Amino acid sequence: MSPQKFQGKVAVITGSSRGIGKAIALELARNGAHIVLNGRNQAWLIETENEIRKIHDHVVSVCCDVSTIHGGQLLISEAINSFSKIDILVNNVGVSMRGNVADLNPEVFKTVFESNVLGAVNPTIPALKHLRNTKGSIIFISSLAGIRGLPGLSAYCSSKMALRALAETIRIEEAKHKLHVGLVFVGFTKNENNKESIAADGSKIILEPRTGRGVQTLEAVAAAVVRNISKRKFVTVLTALGKLNAFIQPRFPFLVEWLILRNLKKFEERSR
Ligand SMILES: NC(=O)c1ccc[n+]([C@@H]2O[C@H](COP(=O)([O-])OP(=O)(O)OC[C@H]3O[C@@H](n4cnc5c(N)ncnc54)[C@H](OP(=O)(O)O)[C@@H]3O)[C@@H](O)[C@H]2O)c1
């Protein structure tokens with residue numbers, strides 16, 4: 001990709017102080033985009049902002065919680081105050097959970113939907129009129145867990161499936177404004193240290209680092225997201241396992257279910 005590809009474009013990336021969002025912000029910055037970072041922890045934001053400043057100075061941070069209506073509005077209005085336009089919005093914020101439905105504190109569903117669904121809706125609504133002006137891109141970061149319901153991940157799968165509905169709707173509603181909508185199904189990715197998830201009782205848990213075959217680096221995921229934006233693709237599915245699942249699931253859902261049931265133990269270990 002040419003280094004000039006995103007020269008002068010303004011990219012807002014939710015949840016970009018760490019993890020995949022940070023990697024996307026760095027990749028877009030390396031390709032010339034002006035960057036609006038977001039997260040709730042000011043210290044992580046400052047650290048990431050300093051990393052972007054090693055590439056260029058066109059970066060601002062907005063410390064807010066996009067799972068709230070106010071947070072979504074603040075992020076978009078600060079982006080406009082700083083750079084006067086928005087070309088790219090990446091809805092990356094998301095949290096996972098663990099636990100079978102029978103064992104879940106219902107609050108888990110609420111927290112996951114607030115983060116993963118409202119966390120995308122809240123910045124998207126105020127951003128749309130600005131993205132129309134630039135015929136820009138709006139990207140939703142989904143997961144292979146958004147392709148079919150998986151054991152122990154009910155709220156996470158449901159929230160990521162909801163993003164597909166949102167993306168499909170916006171594609172049709174905004175077609176006349178020539179908006180690009182991207183939906184990226186991310187596979188197993190290396191975690192940041194101390195990455196958090198939510199246990200069945202609603203408490204926070206720290207995930208173990210992910211290793212092994214089929215685990216992608218943050219940089220590989222970011223490169224795929226940036227390619228999706230550059231090519232204005234709708235759906236991008238990552239990893240060989242993800243592509244296979246996306247192909248088989250709509251055609252032979254019972255086969256996928258049978259495979260999961262047969263490998264339940266391995267599957268549960270993998271999703272830890
Ligand atoms: N990692 C994987 O293996 C994987 C696989 C498939 C899909 N995904 C998806 O990829 C996305 C990123 O995941 P990740 O692993 O990079 O997560 P992560 O390491 O936990 O990072 C999450 C980022 O979002 C910020 N954040 C969280 N909630 C926020 C909120 N309400 N408002 C503003 N910022 C918030 C966090 O900073 P603060 O906590 O300071 O706010 C942090 O910068 C998620 O949508 C996830 O579902 C990840």
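Remember, it's 1-based here, ligands and their atoms both numbered in the order they're listed. The shown structure was predicted, so the numbers you read here are calculated from the model rather than taken from an experiment. Quick note: numbers below take in every heavy atom, side chains included, and nothing from hydrogens, waters or symmetry partners.
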- Query: What do the steps show when you test N91 against T124 for side chain to side chain donor-acceptor pair (under 3.5 Å), and what is the final call?
  - Reply: CA-CA 8 Å; N91 284 307; T124 293; 2.9 Å; yes
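Judged by distance alone, with hydrogens and angles left aside, the side-chain atoms of H58 form no donor-acceptor pair with the main-chain N or O of A33 at under 3.5 Å. N116 contributes a side-chain N or O that, together with a main-chain N or O of V95, makes up a donor-acceptor pair within less than 3.5 Å. Looking only at distances, a side-chain donor or acceptor of T111 sits under 3.5 Å from a matching main-chain atom of E107. With hydrogens and angles ignored, the 3.5 Å screen pairs no side-chain donor or acceptor of S17 with any backbone N or O of L45. In this structure, the side chain of S77 engages the main chain of L74 through a donor-acceptor pair within 3.5 Å. With hydrogens and angles ignored, the 3.5 Å screen pairs a side-chain donor or acceptor of N122 with a backbone N or O of S67. A donor-acceptor distance shorter than 3.5 angstrom exists from the side chain of T189 to the backbone of G187, with no hydrogens or angles considered. Judged by distance alone, the side chain of N41 and the main-chain N or O of W44 form a donor-acceptor pair under 3.5 Å.
In terms of polar-atom proximity, defined here as any N/O pair under 3.5 Å, I20 does make such a contact with ligand 1. For ligand 1, the polar-atom distance check finds an N/O of N92 within less than 3.5 Å of one of the ligand's N/O atoms. Taking only nitrogen or oxygen atoms, main chain and side chain alike, E192 does not reach within less than 3.5 Å of ligand 1. Polar contact with ligand 1: present for Y156 (N/O pair, distance under 3.5 Å). Ligand 1 has a nitrogen or oxygen under 3.5 angstrom from a nitrogen or oxygen of V66. The N/O atoms of S115, backbone and side chain alike, include none that comes under 3.5 Å of an N/O atom in ligand 1. At least one N/O-N/O distance between R40 and ligand 1 falls below 3.5 Å.
The shortest side-chain heavy-atom distance between T236 and K231 does not fall under the 4.5 Å cut-off.
The shortest separation from a heavy atom of S96 to ligand 1 is not under 4.0 Å, leaving the residue out of contact. Heavy atoms of A145 stay at 4.0 angstrom or farther from ligand 1. Between G71 and ligand 1 there is no heavy-atom distance shorter than 4.0 Å. Residue contacts with ligand 1 do not include E114, since none of its heavy atoms lies under 4.0 Å from the ligand. At least one heavy atom of R210 sits less than 4.0 Å from an atom of ligand 1. For D65, the closest heavy-atom approach to ligand 1 falls below 4.0 Å.
Counting non-hydrogen atoms of neighbouring residues, nucleotides and ligands closer than 6.0 angstrom, the CZ atom of F252 reaches no more than 12 such neighbours.
In this pair, F113 and F109 present their aromatic rings parallel. The plane angle is below 30°, not in the 30 to 60° band. Using the six-membered ring where Trp is involved, H34 and F83 have ring planes that are tilted, between 30° and 60° apart.
The part of K160 lying near ligand 1 is the side chain, judged by heavy-atom distances below 4.0 Å.
I76 and L118 sit in two unconnected hydrophobic clusters of ILVMFWY residues. Membership requires side-chain heavy atoms under 4.5 Å apart, directly or through other members.
Shortest non-hydrogen contact noted between L89 and A127 is CD2-CB, 3.9 Å.
Ligand-side atoms of ligand 1 in range of N191: 1 (N), range being under 4.0 angstrom from any heavy atom. Per-residue contacts place I141 under 4.0 angstrom from the following atoms of ligand 1 (heavy atoms of the residue considered): 9 (C), 10 (O), 11 (C), 45 (O). The ligand atoms of ligand 1 that sit less than 4.0 angstrom from a heavy atom of N41 are 40 (O). Counting atoms of ligand 1 from 1 in the listed order, those under 4.0 Å from a heavy atom of G19 are 16 (O), 19 (O). Close contacts of ligand 1 with C64, meaning ligand atoms under 4.0 Å from a residue heavy atom, involve 32 (N), 33 (C). Near G94, with a cut-off below 4.0 Å to any heavy atom, the atoms of ligand 1 are 44 (C), 45 (O). Residue-ligand proximity, S142 to ligand 1, at heavy-atom distances under 4.0 Å covers atoms 7 (C).
Nearest to atom 25 (C) of ligand 1 among the protein's heavy atoms is G15 CA, 3.4 Å. In terms of protein heavy-atom proximity, atom 20 (O) of ligand 1 is nearest to K195 CG, 3.7 Å. The nearest protein atom to atom 5 (C) of ligand 1, hydrogens excluded, is given as G187 O, 3.2 Å; this is a heavy-atom distance. If you check which protein heavy atom lies closest to atom 21 (O) of ligand 1, you get R18 O, 4.1 Å. Annotation: atom 35 (C) of ligand 1 to nearest protein heavy atom, V93 CG2, 3.5 Å. The protein atom (non-hydrogen) at minimum distance from atom 42 (C) of ligand 1 is S17 OG, 3.8 Å. Ranking the protein heavy atoms by distance from atom 6 (C) of ligand 1 puts V186 O, 3.3 Å first.
Remark: R30 engages E27 in a salt bridge, criterion side-chain N to carboxylate O under 4.0 Å.
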